[in-house]
Every structure is written in structure tokens, then in C-alpha cells.
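We count residues from 1, following the sequence as given. Ligands are counted one by one from 1 in listed order, and the atoms in each one are counted from 1 as well. Note that the coordinates shown come from a computational prediction; the quantities given were computed from them, not determined experimentally. Every heavy atom of this structure was used, including side-chain atoms; hydrogens, water molecules and symmetry mates were not.
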Amino acid sequence: MAKTLTATMRAVAVTPMQAGSARQVELPVPTATPGTALMRVLEVGIDGTDTEINEGLYGAAPPGSDFLVIGHEALSRVEAVGEGVLGFEPGDLVVSTVRRPDDCPNCQAGESDMCLFGNYTERGIKGAHGYMGEYYCEAPAFMVKIPPGLRPFAVLLEPLSIVEKASFQAWKMQERMLWQPKRAVVLGAGQIGILCTILLRLRGIEVHVYAKSPSDSLQGRILSSLGATYANVDDHPVIGIREELGQIDFILEATGNSSVAFEAMPQLGNNGVLCLTGVSAGNRSIEIPADVINLQMVLGNRVAFGSVNANRRYFEMGVEHFQQAERQWPGIFERLITRRVPFDDFGAALDRRPEDIKTLLTIAQT
Ligand code: BGC
Ligand code: ZN
């Protein structure tokens, strides 16, 4: 009898909570079971969460596994579809969402990004293997089809979905009154800060970005081509921006520095809204001007809220906005891709350099 050889593939995995444990592993190539599709991964984006996982600060392996395949931002091509899969065929470009639902009412309503019980899994992050390998399988409910013209930068859809959700939520909250936002502040000029600036500029809002990079950096140049202003926080501390700018209607915090989050609160103008998106894995305590913050929040009807993850609705909005923004600023998204690293050099991709905006790990060229 002929022996069937299981095909194997390469992937990058960590031992969660163990610093510097990223390594290449060999795993069986999954097969497209009924109701799922097999994806060939083309490229994977690296973000701060991946770096934190590799620093041993975050992440959890799937039940019964002592390792976690990382990667949660991937552009892939459908290789094969299992029985009963409708709407996708081999060759289609796909970006899959990150979170998988538990049995809470929000997850069951398709909003696992608003999970109530916290037992969700996140591919490549928490309790489920990710996309940093040659293949993975997924169900259509979590697959977002990408128009072929978006191939060069569609890998940015997952981070874009994060700011789609954050801004959608802010605008939704502001339906509590008549709100005509004119001026926004973005704290941080990493991928999240820049992607949010793009969405705000598409809405015609005046945007001021404050971050650590020098103003002649690539970040600064990209932001000014979007018509946003860019200032270095060393010269323009967060605690002075309200005085500098006047009424601020919306602030996005995307530095991941928890003290900046508190500094930002009293900078909001009347009726303003502050959205926190930066994750801080540490345990740091700071002293805050509690009376001032409390008074400001109350007297100005201000809102501060946190936003995490994104369900597929926000990925779909992102596909729309990719197209709109490319019409307005051709080539804008490709400018954010500052480094492409071959699969075997995954270690170099996980090391963050100050000049990086987006680093991609190239897995297949097709
Ligand atoms: C991912 C989100 C995820 C969050 C927390 C982020 O890097 O983009 O999808 O929910 O980390 O794990
Ligand atoms: Zn849930």
C-alpha cells in the first residue's frame, strides 16, 4: 500500500510569555475541510503586538499547544476551497479578521470586537494560531475579499480596520448631540496614527499630529502630504496643545504610552471625544492631576473611551476607504511600507527600528 506523505510547511512560532522565543517550526499543511478555504499566505504585517508577544509580554497558545504561530495581519490568496464554500474561489485575494467569537451575546451578534465574556480567541495572539506561515485555513465568515487592484498594500487592511472601528465608534457616540467636528489631534505617528489621519482627512477634518519622530522624517513628510500638520512632542508637549490650537473636537491616542492618555484628557475641547487605542502591557503608575481632569471632563461634556480590534464590517469599510484615499493621494499606502523582509529573516522583521512605519514579512511572491 502506498504511504501518504503529509506535506509540511514553515511557520514562525513563539513560546508565549517567553522573551525572544520566536523560531521557525515545521507543521503539516492544513487541508480545506468542508466549509473552509485553504489560503496561501503572501505577506504578513508586523506590529507592536507581535513585538510584545516576542518580548514575552503578551500572547497565549491554543489549548493543548505549547507554542503559538504568530501573525495577525496577512494578505493571502485562496489556494483551494472546501465543500460548501460560497463566494470565494482559488486565486481570490483575502485578508482574514483576527478575533473569533465566544458564546457571549455580542460575539453571537457578529461583534466579537465588543466581546462581553472575554473568552474570544485572536489568531496569532490569544489562543489560536496565526498567519505567519505558508498556509492557513479559514471559514468565509472571517474572510474579506480584496479587489485585485489593492494587492500592493491590502496587507494594511487589518491595522486600517482598527482605526475604522475607533473613528466609527467616536462618531457614533457623538450622535448624542449636534456635533460638527472641525479639528482633530492624533498622538503618535506610527501606522495607527497615520492611518487615522488618512480617515480624518477624508472626512475633511483639520488634523494635527504630535509624535516623537523629527519633522523631516518620512512620517512627517507623509503627514504633510495629507495636509496634516506634524509637530514633535519635545517642542510641543501634549499638555500645551489645547492652548496652542484652540477647540479640539477629537483626539486619537495611538502612542501606547499610558501617561499620554491622561495628559490628553484635559486637552479635549468642549463636547470633545478622546479615543484610546494604544495598548500598554506594563504595570507603571503615575501621578495625575485628578481634580483638573475630572472637572474638565464634567464641565465640557467630554468623552474618553477605549477601542480594540475590529469586526468584519470595519474591514469592509477599510476596503472602501483604501480606494477613496488612493484616488485622493495616489501611492499613499505603499509609502507606509518601509521594510520588506524575506521569510527566513523573520527575526529582523520582529525587531523594531525607529524609522519603521510598516514592516512586512514576505512569504510568497505570487
Ligand atoms: C490587533 C487587534 C487585537 C489587539 C489585542 C492588536 O494588535 O490588531 O486585532 O484585538 O492587538 O490583542
Ligand atoms: Zn464574546
Going by an N to O cut-off under 4.0 Å, is there a salt bridge joining [X] and [Y]?
X: K358; Y: D47; value: no
X: E206; Y: R201; value: no
X: R151; Y: E43; value: yes
X: E138; Y: R100; value: yes

Any idea which atoms of ligand 1 are less than 4.0 Å away from a heavy-atom of N309?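 In order of numbering, the contacting atoms are 2 (C), 3 (C), 9 (O), 10 (O).
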
Please list, in number order, the atoms of ligand 1 under 4.0 Å from a heavy atom of Y58.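 Near Y58, the atoms of ligand 1 are 5 (C), 12 (O).
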
Does K126 approach ligand 1 within less than 4.0 angstrom via side chain, backbone, both or neither, non-hydrogen atoms only?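 Looking at K126 and ligand 1, no heavy atom falls under 4.0 Å.
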
Heavy atom under 4.0 Å from ligand 1: found in I162's side chain, backbone, both, or neither?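 It is the side chain that touches ligand 1; the backbone stays farther off.
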
Taking the Zn ion (ligand 2) as the center, what protein N, O or S atoms are found at less than 2.8 Å?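 Protein N/O/S atoms under 2.8 Å of the Zn ion (ligand 2): D102 OD1, C104 SG, C107 SG, C115 SG.
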
Could you tell me which residues satisfy ring-ring contact (aromatic ring centres under 6.0 Å, His included) with F250, sequence neighbours excluded, listed by chain and number?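 By the ring-ring contact (aromatic ring centres under 6.0 Å, His included) rule, F250 matches W171.
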
Answer yes or no on whether R313 is positioned over the face of F168, meaning its NZ or CZ is under 6.0 Å from the six-membered ring centre and within 45° of the axis.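 Yes, R313 and F168 form such a contact.
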
Aromatic contact, Y230 with H208 (centres under 6.0 Å):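 No; H208 has its ring centre 6.0 Å or more from that of Y230.
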
Nearest non-hydrogen contact with atom 1 (C) of ligand 1 belongs to which option: E158, K165, E73?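 Of the listed residues, E158 has the closest heavy atom.
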
